[in-house]
Protein chains: 2
Amino acid sequence: MGKRAEALELAILGLLHDAPLHGYELRKRVNSLLGWGRAFSYGTLYPTLKAMVRQNYLAEDQPVDTLVTPAPHRSGRRGRIAYRLTPEGKERFAELLSQTGPSAWDDEHFGVHFAFFGRADADTRMRILIGRRSRLQEKLDQFRSALSRTRERLDAYTLELQRHGLESVEREVKWLDDLISAERRSIDRPPGAMPTPGAGEPPAPPTGNEGENGR
Amino acid sequence: MGKRAEALELAILGLLHDAPLHGYELRKRVNSLLGWGRAFSYGTLYPTLKAMVRQNYLAEDQPVDTLVTPAPHRSGRRGRIAYRLTPEGKERFAELLSQTGPSAWDDEHFGVHFAFFGRADADTRMRILIGRRSRLQEKLDQFRSALSRTRERLDAYTLELQRHGLESVEREVKWLDDLISAERRSIDRPPGAMPTPGAGEPPAPPTGNEGENGR
DNA sequence: GTATGGATGTATCGGTTCGATACATCGATC
DNA sequence: GATCGATGTATCGAACCGATACATCCATAC
C-alpha cells in the first residue's frame with residue numbers, strides 16, 4: 001500500500017470518527033493536523049478514499065440534489081460527497097491505533113499516531129513513545145559519528161547546518177522524554193489525569209524544563 | 001525536472017566540485033549532508049547522474065580494470081564509475097548557486113543551498129536567508145490562525161502536537177535571524193570574517209543565544 | 001445587473017520518485 | 001571455505017505529487 005498512504009488511512013479514519021466530512025475539508029484537516037510535515041495532494045487523497053470505500057471502511061453519502069444549504073431554487077448543484085465511517089472502519093481504526101512497531105514510530109507515521117493518542121490505551125502510547133525515542137537516538141548516533149568523522153574538512157556553513165540539524169533532533173528527544181515521564185506519572189496517578197507537558201501550564205512541569213519561550 | 005531532482009543536481013555538482021566520487025559514496029554524502037531530511041534513493045540518484053552525463057555536466061571515469069587499490073593479483077574487479085565535473089558542470093553549479101527565488105528557499109531546496117553558501121556571494125546568501133525567513137513566517141501565520149480557530153475542540157495530545165510543531169518553526173526563524181545578523185555584521189567587517197553563529201564559539205555570539213546545550 | 005476573482009469542491013493524468021530487489025566483489029570472522 | 005556484512009551498480013513496478021480541468025458559490029467592484 002505504501003507507507004505514506006498507510007499514514008493517510010489512519011488520519012482519515014480518525015478524522016471521520018466523530019463526524020462525516022467531504023474530501024476538500026478532509027484534506028485541509030489532515031494537512032493542518034500534521035502541519036509541519038509534507039502535505040497530501042488530491043492525487044493521493046481521492047484514490048485512497050476510493051480504495052477505503054472498496055474495502056468497506058467508508059461509505060459515501062451522496063447528497064443527491066437535496067438541500068445542502070436551504071437555499072431557494074436549488075436544482076443540480078454539484079454534490080459534495082460526505083464520507084462516513086462504517087462499523088468495519090471503526091474496527092480498522094482501532095486496529096491501526098493499537099499497532100506498535102516501526103509502522104507507528106517512523107517519521108512518516110509518528111505524527112498521526114500521536115495525534116490520536118487520546119483514543120489509544122496507555123500501554124500503546126508508551127510503546128510508541130519509547131520506540132520513537134530509540135529511533136531518534138539511532139539517528140542522533142549516526143549524525144554525531146558522521147560529524148566527528150568529517151569535522152576538519154567542513155567549511156563553516158556546512159558545519160553550522162550539521163550543528164543545527166543535530167540540535168533539532170536533540171530537542172525532539174528531549175520533548176519525547178518529557179512526554180514519556182508525563183505518561184509514567186499519569187499511570188501511577190488516577191487515569192483521568194492529562195499529560196499537558198507543554199510550556200505555560202502551572203500544574204506539574206514534567207521534568208526540569210525551562211520555559212524560555214520568549215514572545 | 002521535478003523539484004527534488006533539482007535539489008539533488010545541485011548537491012551532486014557541489015560534492016563533485018572538489019573531487020570525483022562514485023555513486024555509492026556520493027549517495028552517502030548527499031544524505032549525510034542533508035541529515036535531517038528525507039534520503040535520496042538509488043532509483044533517483046542513478047537516473048539523475050545519467051541525465052547529467054547526457055547534458056555534459058558530468059563525465060564518467062571508467063576504471064577499466066586497473067588498480068583501484070594497489071592490491072596484488074587484480075583482474076576484473078567490477079569497476080566503480082567515478083563521476084567528474086566538466087567545465088560545463090562548473091558553470092552549471094555557479095548558475096544554480098547564484099539563483100534566488102522559491103527554488104532556493106523552499107523546504108526541498110534550502111538545505112542544499114545553505115550547505116554551499118561558502119561558495120556563493122554575500123548578496124545571494126542574504127537574499128536566500130531573507131526569502132527563507134519570510135517563507136517560514138507565512139507557515140507560522142497559517143499555523144497560528146489554524147490553532148486559534150480550532151483550539152477548543154482539540155484534545156490534549158493533538159494540541160500538544162500543534163504546539164510542538166509551532167515551536168519548531170519558531171525556533172527555525174530564530175536560527176535564521178541569528179544567521180542574518182551574522183551576515184550583516186560580516187558585510188560591515190572585513191570579508192574574511194566567519195559566521196559561526198552556533199553554540200560554543202567564544203568570539204561574538206550573534207544575538208542573545210543561550211547555550212543551554214546540556215549533555 | 002454583471003463580471004471578475006477567489007474560495008470551495010470533485011476528479012484525473014503524466015511524470016517523478018521510492019523501495020525493493022538482483023547481481024557481484026571484498027574483507028573479516030569462525 | 002563458508003557465511004555474513006559492507007561496498008558497489010543498476011532497474012522495475014508501484015506509489016506519489018503537482019498541475020490541471022471542470023463546476024458552483026459568493027463577495028466586491030464596475
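Computed from a predicted model, the values in this text were never measured in an experiment. Just so it is clear: chains get the letters A, B, ... in the order the sequence lines come, proteins before strands, and each one is counted from 1.
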What is the separation between atom [atom1] on [X] and atom [atom2] on [N], rounded to the nearest whole Å?
| X | N | atom1 | atom2 | result |
| --- | --- | --- | --- | --- |
| B:R29 | D:dT7 | CZ | P | 13 Å |
| B:H22 | C:dC26 | NE2 | C1' | 13 Å |
| B:K28 | D:dA6 | NZ | P | 11 Å |
| B:E60 | D:dT9 | CD | P | 10 Å |
| A:I81 | D:dA23 | CD1 | C1' | 14 Å |
| A:R27 | C:dT12 | CZ | P | 16 Å |

DNA chain D: B:E25 or B:P47, which has the more 5' nearest nucleotide?
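Nearest-nucleotide comparison on DNA chain D picks B:E25.
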A:D61, A:L15, A:I12, A:L49 screened by side-chain contact (heavy atoms from CB on, under 4.5 Å) with A:Y83, the one that passes
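Looking at A:D61, A:L15, A:I12, A:L49, the match for A:Y83 under the side-chain contact (heavy atoms from CB on, under 4.5 Å) is A:L49.
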Side-chain N or O of B:Y46 closer than 4.0 Å to phosphate OP1/OP2 of D:dA10:
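Looking at the OP1 and OP2 atoms of D:dA10, neither is under 4.0 Å from any side-chain N or O of B:Y46.
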Check the phosphate of D:dA10 against B:K50, side-chain N and O only, distance under 4.0 Å to OP1 or OP2. Yes or no?
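No, because none of the side-chain N or O atoms of B:K50 sits under 4.0 Å from OP1 or OP2 of D:dA10.
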Pair listing, salt bridge (charged side-chain N to carboxylate O under 4.0 Å, His left out) test, anchored in residues 35-59 of chain B, at least two apart
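Qualifying pairs, neighbours excluded: B:R38-B:E108.
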Short N-O contact, A:D107 and A:K139, less than 4.0 angstrom:
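Looking at A:D107 and A:K139, the cut-off is met.
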Output yes when A:D18 and B:R153 qualify as a salt bridge under the 4.0 Å nitrogen-oxygen rule, no when they do not.
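No, this pair does not count.
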Is the A:H17 to A:F93 ring centre distance short of 6.0 Å?
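Yes, they do, as the ring centres are separated by less than 6.0 Å.
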Are any protein N/O atoms closer than 3.5 Å to N/O atoms in nucleotides 16-20 of chain C? If there are, list each pair with its distance.
unit_1 : atom_1 : unit_2 : atom_2 : d
C:dT17 : OP1    : B:R4   : N      : 3.1
C:dT17 : OP1    : B:A5   : N      : 2.9
C:dC18 : OP1    : B:R4   : NE     : 2.7
C:dC18 : OP1    : B:R4   : NH2    : 2.7
C:dC18 : OP2    : B:T44  : OG1    : 2.1

Are A:R27 and A:Y42 in a cation-pi setup, meaning NZ or CZ lies under 6.0 angstrom from the ring centre and within 45 degrees of the ring axis?
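Yes, a cation-pi geometry holds between A:R27 and A:Y42.
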